[in-house]
Amino acid sequence: MDITDSVLLFLELVGTLAFSFSGAVVAIQRRLDIFGTLVLGVITAVGGGMIRDITLGVIPPMLFRRPVYVIVAAVTAAVVFALCYFRTEALEMVSGGIYSQLIGTMDSVGLGIFTVVGVSAAMQNGYANSSFLAVTVGVITGVGGGMIRDLLANRTPVVLHKQVYAVASLAGAVLYYWLLRLTSIPRFACMFIGAGIVILLRLLASHFRWDLPVVGKRGE
Amino acid sequence: MDITDSVLLFLELVGTLAFSFSGAVVAIQRRLDIFGTLVLGVITAVGGGMIRDITLGVIPPMLFRRPVYVIVAAVTAAVVFALCYFRTEALEMVSGGIYSQLIGTMDSVGLGIFTVVGVSAAMQNGYANSSFLAVTVGVITGVGGGMIRDLLANRTPVVLHKQVYAVASLAGAVLYYWLLRLTSIPRFACMFIGAGIVILLRLLASHFRWDLPVVGKRGE
Amino acid sequence: MDITDSVLLFLELVGTLAFSFSGAVVAIQRRLDIFGTLVLGVITAVGGGMIRDITLGVIPPMLFRRPVYVIVAAVTAAVVFALCYFRTEALEMVSGGIYSQLIGTMDSVGLGIFTVVGVSAAMQNGYANSSFLAVTVGVITGVGGGMIRDLLANRTPVVLHKQVYAVASLAGAVLYYWLLRLTSIPRFACMFIGAGIVILLRLLASHFRWDLPVVGKRGE
């Protein structure tokens, strides 16, 4: 396992942890019990990768073949649940004003990482020269997990209403793809840059509440 | 590219446009911003085809390989958004009484076209003699995009509550399949007939508000 | 067709019937018309198997190749609808206190059966030695149909809020897998034991309303 593979696995596990965290916090807010929290955490974490693998013909999807993803996601959700259950201050963090920032930050980290992981998977499965395919698969991998989480939890999917959500993923995917193709920057460094730009764009958009055009303030 | 292939591509692009239009209008009604509108338009337009291709083993699905579908869908959604944003009369059309008819009509056009496109795809991928498979894949392709749109927008899926929705798709799929198998009518003509009958059935059902049995008017 | 195959087909049909029943009752409660009831019944019944087959690379999924599943599901939903429509006492059962028990019981039967069917399908498709894969595919097959039903009907998915729902499926999948691997009990008997334990766990959990930890009774 060379450094790139190690970095890829490391990033995947961080992304799994981040998305499972966001799923678990949503579950706790919804007053789900311990099992519901585990299920939502795991589905959020592995959902995007499952769609990616089915799309690329990686059958059965990785999540079924390498238990590590499900295990990391389940442990993360269990720890979040336990913290909130036993520590009042953790619960207050989750319930209080910091709540949506917590989900938002973790969700952005997952979005950034899974975007570049998706592009990587497409390129390694024979589509290194298909820019459109690699980028689109990257975006779907990035937004998939959060979309499933929000559907199950009956929230408006972040991909539809958060500022520059899919666009941040798109920017990171394009940047990562072309850095790899056009420069000699090592692949693991490109990954950090690609994922970093997604996270940065999301955090900037959240922090400054970039206002985007909305139709119908006048109508109806 | 013979005439049938040209007609097929033409129909696919019209279906893509129609479904993206319906997704964009739903998004504008939900007060989504410009990006949310683009995302919902694109997902509505390519969702059914993605399910169809995964089902038939066409991997990666066409939408990843031919950018034209995503581009047409994104441009359509952007134009709808811009029209409603800059032209009060367009917004009033969308907000006013004509609103649900607009979505309904575009949705019916997409339903009809994607139904026959789905049957065609199944027949061209080696299942020309499997009537049940071809028809079922056609119906799934037809109803898939609208189903995903409504799930994401948190509306009751049209396939569950609109009069003769799945049944219209089923009728068109069966008609198209058997016209092709049993008659010598050219394929592109069969497509127009098949898609046309779906659209006609949907419009008639909407216009006359065909009342179908509902249980429980008395109970509870 | 030996006895195991017969038992497998029999169980699949019972599971199809049970899930279609649960979908139809949810549809009737939602005041859907006859077609909406059929659609929800069919999707609930075949949804889990479709995810299973896509996951295992069984393309096209079985539901497209063997009409019997769709037919059994459609007939079941039609009969439930007709009973509730024409027989006041059936409607009262559905509307009254027995209502959620009816859905719950049928859903549990479907969960148990599709869990072992999913494990079986994974083992027969070359993954007999992959315990994690077989068990995970079994759980996804079991919970998939009900998850799609609840998403479409806009209910909180049972997998998130019912006591020991995914865990019951997990327990049955693990038990069935290891009974097959480690004992010489005939396969069809293992199936009944595996499905039985899922159903038993679900019914016990429902009956005794096993209370599981929930965070946040205090907070907010």
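Letters A, B, ... are given to chains in the order of the sequence lines, protein chains preceding strands, and every chain is numbered from 1.
Of the inter-residue distances, the one linking N154(B) atom CG with T156(A) atom OG1 reads 6.5 Å to the nearest 0.5 angstrom.
Only the side chain of I54(B) has a heavy atom closer than 4.5 Å to any heavy atom of chain A. For Y165(A), no part sits under 4.5 Å from any heavy atom of chain B, backbone or side chain. Residue contact with chain B, scored on non-hydrogen atoms closer than 4.5 Å, is absent for L170(A).
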Candidate pair L32(B) and H161(A), rule side chain to side chain contact (heavy atoms under 4.5 Å, CB included), full reasoning: CA-CA 6 Å; L32(B) 299 182; H161(A) 74 98; 4.2 Å; yes
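Listed here is the closest heavy atom pair of V215(A) and R31(B): O-CD, 3.5 Å. The heavy-atom pair separating T55(A) from F64(B) by the smallest distance is CG2-CE1, 3.1 Å. Between P60(B) and Y127(A), the closest heavy-atom pair is CD-OH, 3.0 Å. Contact detail for F81(B) and P213(A): the closest heavy-atom pair is CZ-O, 3.2 Å.
For residues 135-152 of chain B, heavy-atom neighbours of chain A at less than 4.5 Å comprise L151(B), L152(B), sorted by residue number. Inspection of non-hydrogen atoms places I34(B), F35(B), G36(B), V39(B), L40(B), I43(B) of residues 34-46 of chain B under 4.5 Å from chain A.
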